[in-house]
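Since the model is a prediction, treat every value here as computed from it, not as a measurement. Keep in mind that the numbers below use all heavy atoms, side chains included, and drop hydrogens, waters and symmetry copies.
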Amino acid sequence: MSESSTPNISIPESLTAKSLTCFTAYDIRGQLGSELNEEVAYAIGRAFALELKPKTIVVGGDIRLTSEPLKLALARGLQDEGVNVIDLGMTGTEEIYFATSYLGVCGGVEVTASHNPMDYNGMKLVREDSKPVSGDSGLDDIKAVAERVLNDVKIEGAASLHNARLKPRQPGEVVAASMVGGLESCGLESGELESRKNNARLKPRQPVECQPGTYEIRDLKTEYAKCMLSFVDVTKLKPLKLVVNSGNGAAGPALDAIEKRLIANGVNIEFIKVHHNPDGDFPNGIPNPLLPECRADTANAVKQHKADMGIAWDGDFDRCFLFDQNGDFIEGYYIVGLLAEAFLNQEKVGRTKLESGKLESGELGRTKFESDFSRPVFDTGSKEKIIHDPRLSWNTVDIVNAAGGIPVMSKTGHAFIKERMRSENAIYGGEMSAHHYFRDFSYCDSGMIPWLLVAELLSVKGVTLSSMVSDRISAYPSSGEINSKLVDPVASIAAVRAAFEANAVVVDETDGISLEFASDEGQWRFNLRSSNTEPVVRLNVESRGNAVLMKKKTEEILTILRTS
């Protein structure tokens with residue numbers, strides 16, 4: 001553990017725009033130079049500090065070559081407003097979620113562009129307890145303050161002086177700082193955010209003299225790995241051969257830490273490591289296994305090594321993609337149903353034990369990874385809720401209802417899903433894009449917990465992954481997500497809607513447009529929406545047991561979409 005001031009960095013005043021275009025509905029993503037640079041990162045750091053008033057923040061970054069300088073600029077902005085910064089080095093996004101709750105700090109920021117192109121980067125922000133910061137929960141306000149910082153608009157109560165970002169600050173230098181709360185008073189009090197409208201946060205506050213925030217480097221990978229393994233019963237894990245493809249992203253070191261813990265627990269899992277070493281040049285391409293062209297290396301390795309399963313991650317490993325023993329890609333949609341059923345069945349077991357008086361001491365407690373890592377056991381007093389997104393839903397709804405749970409639809413996007421997870425106290429949530437969320441992981445998504453849970457299912461059931469999902473794939477065949485770059489997305493989506501809506505039996509606008517149909521041809525549905533993170537329109541189509549109908553309707557929609 002080391003502590004020092006943030007390394008000196010050069011922050012050019014190259015941004016001339018008066019507004020920031022890198023803020024999305026639930027995170028920050030932008031093209032390097034024109035939308036996101038070190039000056040912008042610095043401004044975001046100051047704005048985060050001014051808006052949420054944290055005392056200590058954890059920061060990390062993925063392996064992209066620009067993530068480290070952007071992270072340091074962000075940290076400098078936080079420090080200049082009196083915020084202490086704990087730098088976790090190269091991390092996946094979920095390591096920031098873990099550290100925020102584990103250390104009990106006021107928030108965290110991961111610098112990452114996930115699966116976006118090389119010339120992009122971004123940030124994902126959370127506040128205390130790893131709560132997401134999205135447009136309506138503080139992100140829009142942070143954007144507004146960051147724009148004022150960039151445009152040199154004086155902000156009363158701010159610690160930094162005019163153009164302070166361009167002046168080198170000496171270690172120990174005293175600056176005027178706004179009063180910041182301690183760990184017990186992270187962020188705003190309940191209801192305060194809503195009441196402080198019309199830039200009330202910028203009203204004068206009495207400054208006090210204080211030291212700039214500290215900068216500390218820490219490594220929590222051992223503690224993180226221990227937390228990941230708390231989600232499975234390691235005594236039930238049988239010898240398995242797993243192909244793991246980190247895509248030269250941040251997953252490699254995290255997986256190594258988990259492997260060490262497994263070995264220490266006497267678990268015999270052989271990992272066949274593909275593109276394992278982190279490399280910001282991404283010599284094997286941007287890791288995004290959602291795209292068919294990014295799957296061959298994992299599939300081939302599974303077949304070559306006769307592995308039980310293949311696992312691949314995106315750059316910040318918050319998404320987990322699985323391949324069966326034949327090397328066939330399993331759409332994330334069917335893994336959502338598989339995990340939902342597993343969680344609900346385990347909840348049934350807990351309820352049966354409780355009613356019979358056979359629940360063992362300590363078996364009811366939920367994971368509190370800030371103090372220990374006992375395996376999570378679920379609430380047993382009422383029906384559990386499962387959150388899903390609207391893109392593909394019939395299989396998930398069918399499984400959840402059959403297992404005695406309650407399916408709840410949420411708008412697509414990690415911040416929206418997490419907020420709905422919290423409001424519903426849902427045990428699990430899943431998106432067809434391979435994001436999986438867990439109540440006992442601060443309602444956050446993880447790319448490591450899913451494959452561990454599936455490995456446990458393989459061990460306990462003694463069957464193949466393909467056999468666990470084949471019936472569901474046949475019952476609800478789907479197109480997978482199809483992306484289209486369009487000249488006029490709004491007009492194209494409107495054209496599709498006009499062509500199909502009159503015959504729809506259900507019209508839903510939770511996210512984009514979802515239409516359901518029942519006719520002599522059969523039952524089918526589709527969801528069409530513009531991406532929140534990329535300039536594309538995304539189409540998903542599914543049917544009830546009729547793959548031919550699903551393919552036919554997919555082609556019809558794409559023809560209208562791409563020629564309108």
Side-chain angles (χ1 to χ4, degrees), residues 29 62-64 92-94 112-118 120 241-255 258 271-305 307-339 389 391-392 412 414 430-437 445-455 465-466 469 473 478-483 531 533-534 536 538-540:
R29 297 191 198 193
D62 65 16
I63 192 57
R64 287 174 184 256
T93 299
E94 66 191 68
T112 178
S114 186
H115 57 279
N116 285 102
M118 285 283 286
Y120 276 73
K241 181 183 290 186
L242 304 179
V243 166
V244 288
N245 186 344
S246 299
N248 301 117
L255 183 65
I258 291 172
F271 291 102
I272 308 299
K273 299 177 180 179
V274 178
H275 307 324
H276 189 70
N277 295 326
D279 187 336
D281 287 317
F282 295 115
N284 299 288
I286 297 292
N288 184 14
L290 192 62
L291 301 178
E293 59 267 29
C294 296
R295 301 172 187 167
D297 290 347
T298 307
N300 291 338
V302 170
K303 289 181 280 190
Q304 177 186 347
H305 294 278
D308 297 291
M309 179 172 64
I311 308 152
W313 294 272
D314 61 2
D316 62 335
F317 70 88
D318 62 347
R319 294 187 299 159
C320 172
F321 303 84
L322 302 183
F323 298 72
D324 68 16
Q325 76 284 356
N326 300 312
D328 292 331
F329 180 79
I330 306 298
E331 291 287 348
Y333 176 35
Y334 303 107
I335 301 302
V336 172
L338 182 68
L339 294 183
D389 71 307
R391 289 173 287 182
L392 294 169
T412 303
H414 71 90
E431 295 181 90
M432 56 78 58
S433 55
H435 284 282
H436 301 274
Y437 306 80
D445 47 331
S446 167
M448 290 295 173
I449 296 172
W451 73 263
L452 285 164
L453 292 170
V454 173
L465 178 55
S466 64
V469 298
I473 295 174
S478 65
S479 63
E481 191 156 81
I482 302 171
N483 296 326
S531 170
T533 59
E534 297 178 81
V536 298
R538 306 192 192 278
L539 171 67
N540 286 276

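The side chain to side chain contact (heavy atoms under 4.5 Å, CB included) check on A434 picks up R319, F321, with sequence neighbours excluded. Partners of E431 under the salt bridge (charged side-chain N to carboxylate O under 4.0 Å, His left out) rule, at least two apart in sequence or in another chain, are R391. Taking H414 as the reference, Y26 meet the ring-ring contact (aromatic ring centres under 6.0 Å, His included) condition, with sequence neighbours excluded. Applying the ring-ring contact (aromatic ring centres under 6.0 Å, His included) test to F329 and every residue at least two apart in sequence or in another chain returns F323. R538 is linked by a salt bridge (charged side-chain N to carboxylate O under 4.0 Å, His left out) to E481, E534, counting only residues two or more places apart in sequence or in another chain. Every side chain to side chain donor-acceptor pair (under 3.5 Å) that D297 has, sequence neighbours left out, goes to H275. Partners of K241 by side chain to side chain donor-acceptor pair (under 3.5 Å), not counting sequence neighbours: none found. Listed by chain and residue number, C320, L339, H436, F438, S446 satisfy the side chain to side chain contact (heavy atoms under 4.5 Å, CB included) test with P450 (two or more places apart in sequence, or in another chain). Residues satisfying the ring-ring contact (aromatic ring centres under 6.0 Å, His included) criterion with F282, sequence neighbours excluded, are absent altogether. Evaluation of the side chain to side chain donor-acceptor pair (under 3.5 Å) rule for S478 yields Y334 as partners, not counting sequence neighbours. Residues meeting the side chain to side chain contact (heavy atoms under 4.5 Å, CB included) test with K303, sequence neighbours left out: N300. Remark: P283 pairs with N248, D279 by the side chain to side chain contact (heavy atoms under 4.5 Å, CB included) rule, at least two apart or across chains.
In summary, the side chains of T298 and N245 do present a donor paired with an acceptor at a separation below 3.5 Å, with no hydrogens or angles considered.
Between the side chain of W313 and the backbone N or O of G447 there is at least one donor-acceptor pair closer than 3.5 Å. At distances below 3.5 Å, not a single donor-acceptor pair connects side-chain atoms of N326 with backbone N or O atoms of D328. The backbone N or O of D281 sits nowhere less than 3.5 Å from a side-chain atom of R64 that would complete a donor-acceptor pair.
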